[in-house]
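Note sheet for the following structure.
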Amino acid sequence: MKRRAFLKSSMVGAAALGAVGEVAQFGSNAAAEGDKEAVLKLCSQEGRIPGKDCREKVLKLEEWGAVGIEIGGAPGTRVQEIKDALKGTRVKMGALCWGSHNGDLVSTDLEKRKRGIDDLKQALEVAGELESTGVIFVPCFNGQSNLKPDELDKILWDILPEVGDHAQKCKSRVLLEPLNKGETFYINRLEQAAAICEKLNNPGLCLMGDFYHMSREEKSDTDAFVRGGKWVHHVHLASWRRVLPGQDDRKFVDGFRGLKQIGYQDFCSLECGCDGDPEVEIPKSFRFLEQQWREATI
Ligand code: MG
């Protein structure tokens, strides 16, 4: 609690402009969830879970102690199927893993850009219908844009306010996902995404953290989540080798400490491969994560 008090007292104003360069002072966004105690809500991408259909996967997740499922793309044609799969269980809809739409939203071709924006808006409508925590969005992967980061910033500032308003209308949000430099030259760390969120200051525009990318780009998992602060609304879980947490020596305690400091309330979702039999290894990984969460004292 002391820590939280410190963070509150160190609140500063909006992040520096030229966002994707040097940003927000330590703790600027923290503690926005108020004094709510953080919770570990285990979740998984649908494809990671064995099972013949979505219902079977949801039941398995529930049995293994998870409370969320993340679905790929914009599953507009699957809304009823997914609602039926969740019915009567504790499992809720996590994020929709949507991606970059080939970088169209930051394309200099305005037709392409419009198509990308329209499709993201549609994904947000599906997210709203499913009560999803948000739609994961990557502006561009490597090779999808020739623009420089500051040029890409300007496009985001231009297009995202309208998308964020739409997200709010749908009762969902866009989730910017920072990736390691092997996957994108643009937005590699949480503080860079947070600077964009700070500047736009729209509750429909938030961010997420992925432990796999963070292990390559962040100096401190704790500081990364604290800098992400109130904008952090989803987490991806994977080990250093991008297999299940606990299958190599990647630790989660420091990151979980950061999530506790910001009073994190959303899902932590498996996005990874698996060494061995998933029926055995996934429950084991969930127990490992619960142990890491207990060890993350603040
Ligand atoms: Mg990810």
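Counting convention: from 1, in listed order, for ligands and their atoms alike. Quick note: numbers below take in every heavy atom, side chains included, and nothing from hydrogens, waters or symmetry partners.
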Determine the interplanar angle of the F211 and F252 rings, folded into 0 to 90°, and report it as parallel if under 30°, tilted if 30 to 60°, perpendicular if over 60°. tilted

Do R115 and D119 meet the salt-bridge criterion of a basic N to acidic O distance under 4.0 Å? no

Between E279 and K60, is the closest basic N to carboxylate O distance under 4.0 Å? yes

Does R241 come within less than 4.0 Å of D275, counting only side-chain N to carboxylate O? yes

How about E131: does its CD atom have over 12 heavy atoms from other parts shown lying under 6.0 Å from it? no

Take the Mg ion (ligand 1) and tell me which protein N, O or S atoms are nearer than 2.8 Å. E177 OE2, D210 OD2, H236 ND1, E271 OE1

Are the charged groups of D221 and R250 less than 4.0 angstrom apart, N to O? yes

